[in-house]
Asks: 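For reference, the structure I am asking about is given below.
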Protein chains: 2
Amino acid sequence: MAAQRGEGDGVVTSPEAPADVRERARAIPEAAVARLAVYLRVLSGMVEQGVTTISSEELAGAAGVNSAKLRKDLSYIGSYGTRGVGYDVEVLVSHIERILGLTRKHSVAVVGIGNLGHALANYGGFPSRGFPVAALFDIDPDLTGVPVGGIPVNHIDDITSVCSEREVSIGVIATPPQAAQAVCDRLVSAGVQCILNFAPVVLQVPDYVEVRKVDLAVEMQILSFHVARRADEAANDVVNGIGVDGVVIRP
Amino acid sequence: MAAQRGEGDGVVTSPEAPADVRERARAIPEAAVARLAVYLRVLSGMVEQGVTTISSEELAGAAGVNSAKLRKDLSYIGSYGTRGVGYDVEVLVSHIERILGLTRKHSVAVVGIGNLGHALANYGGFPSRGFPVAALFDIDPDLTGVPVGGIPVNHIDDITSVCSEREVSIGVIATPPQAAQAVCDRLVSAGVQCILNFAPVVLQVPDYVEVRKVDLAVEMQILSFHVARRADEAANDVVNGIGVDGVVIRP
DNA sequence: TCAACTTTGTGCAAGCGTTCACAAGCGGTA
DNA sequence: TACCGCTTGTGAACGCTTGCACAAAGTTGA
């Protein structure tokens, strides 16, 4: 059992690899993958605006990163830029989409149709980006059959059959924390290997399952930490003779 | 203007620091802060179960991390364990809460009362953890005055006055992407220094503002990448004579 | 055709974060 | 009190990311 992200990602260099996309994909750092997704969004916006070519400097600015990092990230997926000119926006889009596996559709199942589940089921960003919501589940029998966002809710007991039948590749857990581990286990036994977890619980899963978590409480507490740090710094600075605005009050 | 997380976090060692919490807080790595929040939740669960003492090994297991990392994380906030015994759960809880700044309340404003905004406004996890939702905003005049989750919605034009009046320290952006930057600017001018952004946009903010983003599309695409990588590996392994289950089919 | 200019792609070094491994310290026991 | 076993706290090594700086490569203009 591996728990969430972390160890176990040891990149194993396989013997005599056909130097192509396969090997490339293994070597891309997780952090770079996350940024590639951001670049992709920015680039999609560019396409709509009719921009055909973009420099690393411009793209980096729009994506909020440093241009050297951007170029390194793009170099992981190959060299598709033109020196002295920049990158062809459409070419870049299609290469990033290929690397991120967005050329095929990934069916999504949402489990737990509460406030968040409703929001997710109705969220337009999923289907439009190649992530059709293929199934909804809840434990409440009253919800069974009721359509949410155009899809009827199934009972949670049918997870295994429905998920394998509809070839769900990504499971989204939006249940209360108590139910999350059980739901996760069922998803895994239904063959789902990627899970996005909104429940504030550390899920235990087999090594081959990829879990990403979105934890609002943790995000809020990180922000809280920064508020506190800032307040402390201010207090500290005042003690050291520097005013709250950074103005030195006792030179 | 700094964009989101990244550089600019250069830890400046201030002169003759009173070796206490203030200096400690600066030195804690961001990643460790995120984990501390997780430990805190696990520990809270322990308290409810009546557990009084816990070893690093146990806590690490429950939090899904390696025990050495856990001990190092805890060492950032001080030495509150007893060698040969472990940590006193309640002591640890109160120290983590102090470091994360959870001893004071942090008022939250949610902007954009769509599906997600509703879910956030009704989310019980916020108030119970010291993050009272103090204000809601939307651009739709029909929503103004309508209570959601017990709090009446204000019009977006009143952000500045309402936020400073109610001492909002954290702003949550749950608007469509087009509106996000404008809303962000208003929050910043209202004095909000911490922002949690759900809109799929890279926000541009002044250096002193802390932005965290929750980006569903990016999360999905990271999972998609792993699905694709896995499929490629499987294909690759079959080529190399290893079956899908890891069974060598051509020895 | 050639020179000047622009922008990519990448080797290298510095900085962080993670992991290892073990000394230091504490409670229990004789 | 002295010893033993267990667990913390942390110095040091390792490895991954980031950022710098520059050669390579392409375009433009004369």
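A note on names: the letters A, B, ... follow the listed sequences, proteins ahead of strands, and every chain is numbered from 1.
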Asks: Could you list the residues that satisfy salt bridge (charged side-chain N to carboxylate O under 4.0 Å, His left out) with A:Glu219, not counting sequence neighbours?
Replies: B:Arg212
Asks: Sequence neighbours excluded, which residues qualify as side-chain hydrogen bond (donor to acceptor under 3.5 Å, both in side chains) partners of A:Ser56?
Replies: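 Only A:Arg71 meet the side-chain hydrogen bond (donor to acceptor under 3.5 Å, both in side chains) criterion with A:Ser56.
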Asks: Phosphate oxygens OP1/OP2 of D:dT8: is one of them under 4.0 Å from a side-chain N or O of B:Ser56?
Replies: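 Affirmative; the distance criterion is met.
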Asks: Quick check for you: to the nearest 0.5 Å, what is the distance between A:Leu120 atom CG and A:Ile173 atom CD1?
Replies: 12.0 Å
Asks: Rounded to the nearest Å, what distance is computed from the CG atom of residue B:Asp73 to the P atom of nucleotide D:dT10?
Replies: 13 Å
Asks: Any pair with a residue in residues 41-60 of chain A that passes salt bridge (Lys or Arg N to Asp or Glu O under 4.0 Å), sequence neighbours left out, goes on the list, sorted by first then second residue, please.
Replies: A:Arg41-B:Asp215
Asks: Under a 3.5 Å distance rule, please check whether B:Arg230 uses its side chain to pair with a backbone N or O of A:Tyr208 as donor and acceptor.
Replies: yes
Asks: Over how many whole Å does the gap from A:Glu30 atom CD to D:dT18 atom C1' extend?
Replies: 17 Å
Asks: Both A:Thr82 and B:Thr82 contact DNA chain D. Taking the nearest nucleotide for each, which residue is further toward the 5' end?
Replies: B:Thr82
Asks: Between P on D:dT17 and CG on A:Leu36, what's the gap in Å once rounded to a whole number?
Replies: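 That distance rounds to 13 Å.
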Asks: Dump the pairs, protein N or O against N or O of nucleotides 28-30 of chain D, anything under 3.5 Å, distances to one decimal.
Replies:
none

Asks: Salt bridge (charged side-chain N to carboxylate O under 4.0 Å, His left out) with A:Arg186: which residues, sequence neighbours excluded?
Replies: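 By the salt bridge (charged side-chain N to carboxylate O under 4.0 Å, His left out) rule, A:Arg186 matches A:Asp157.
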Asks: Output the single nucleotide from D:dT7, D:dG19, C:dT18 whose closest atom is nearest the side chain of A:Lys69.
Replies: D:dG19
Asks: Using whole Å, what does the distance between atom C1' of nucleotide C:dT19 and atom OH of B:Tyr76 come to?
Replies: 12 Å
Asks: Quick check on C:dG9: is either OP1 or OP2 less than 4.0 Å from any side-chain nitrogen or oxygen of A:Tyr87?
Replies: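 Looking at the OP1 and OP2 atoms of C:dG9, one of them is under 4.0 Å from a side-chain N or O of A:Tyr87.
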Asks: Which residue lies toward the 5' end of DNA chain D, B:Ala68 or A:Ala68, if each is placed at its nearest nucleotide?
Replies: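 On the 5' side of the pair lies B:Ala68.
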Asks: What N/O pairs connect the protein and nucleotides 23-25 of chain D at under 3.5 Å? Give each pair on its own line.
Replies:
residue : atom : partner : partner atom : Å
D:dA24  : N3   : A:Arg83 : NH1          : 2.7

Asks: Taking only residues two or more places apart in sequence or in another chain, which ones pass side-chain hydrogen bond (donor to acceptor under 3.5 Å, both in side chains) with A:Gln181?
Replies: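 With neighbours one apart ignored, the set is A:Asp185.
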Asks: In whole angstrom, give the distance that lies between atom CG of A:Leu70 and atom P of D:dC20.
Replies: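 Result: 14 Å.
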Asks: For B:Arg129, give me all partners under salt bridge (charged side-chain N to carboxylate O under 4.0 Å, His left out), at least two apart in sequence or on another chain.
Replies: none
Asks: I'd like to check the side-chain contact (heavy atoms from CB on, under 4.5 Å) partners of A:Pro177; sequence neighbours left out, ordered by chain and number.
Replies: A:Pro200, A:Val201
Asks: Starting at atom CD1 of A:Ile28, determine the distance to atom P of D:dT18, rounded to an integer number of angstrom.
Replies: 13 Å
Asks: Got a sec, which pairs hit ring pair (Phe, Tyr, Trp, His ring centres under 6.0 Å) with one end in residues 88-107 of chain B, sequence neighbours left out?
Replies: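 The answer is B:Tyr80-B:His95, B:His106-B:Phe131.
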Asks: Tell me: CZ of A:Arg71 to C1' of D:dA21, nearest whole Å?
Replies: 10 Å
Asks: B:Asn66 CG to C:dT18 C1': how many Å, rounded?
Replies: 8 Å
Asks: Not counting sequence neighbours, which residues clear ring pair (Phe, Tyr, Trp, His ring centres under 6.0 Å) with B:Tyr39? List them please.
Replies: none
Asks: At a cut-off of 3.5 Å, list every protein nitrogen or oxygen paired with a nitrogen or oxygen from nucleotides 11-14 of chain D, distance to 0.1 Å.
Replies:
residue : atom : partner : partner atom : Å
D:dG11  : O6   : B:Lys72 : NZ           : 3.3
D:dA12  : N6   : B:Lys72 : NZ           : 3.3

Asks: Tell me whether B:Ser224 contacts the main-chain N or O of B:Met220 through its side chain, where contact means a donor paired with an acceptor under 3.5 Å.
Replies: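 Looks like no, no N/O pair under 3.5 Å.
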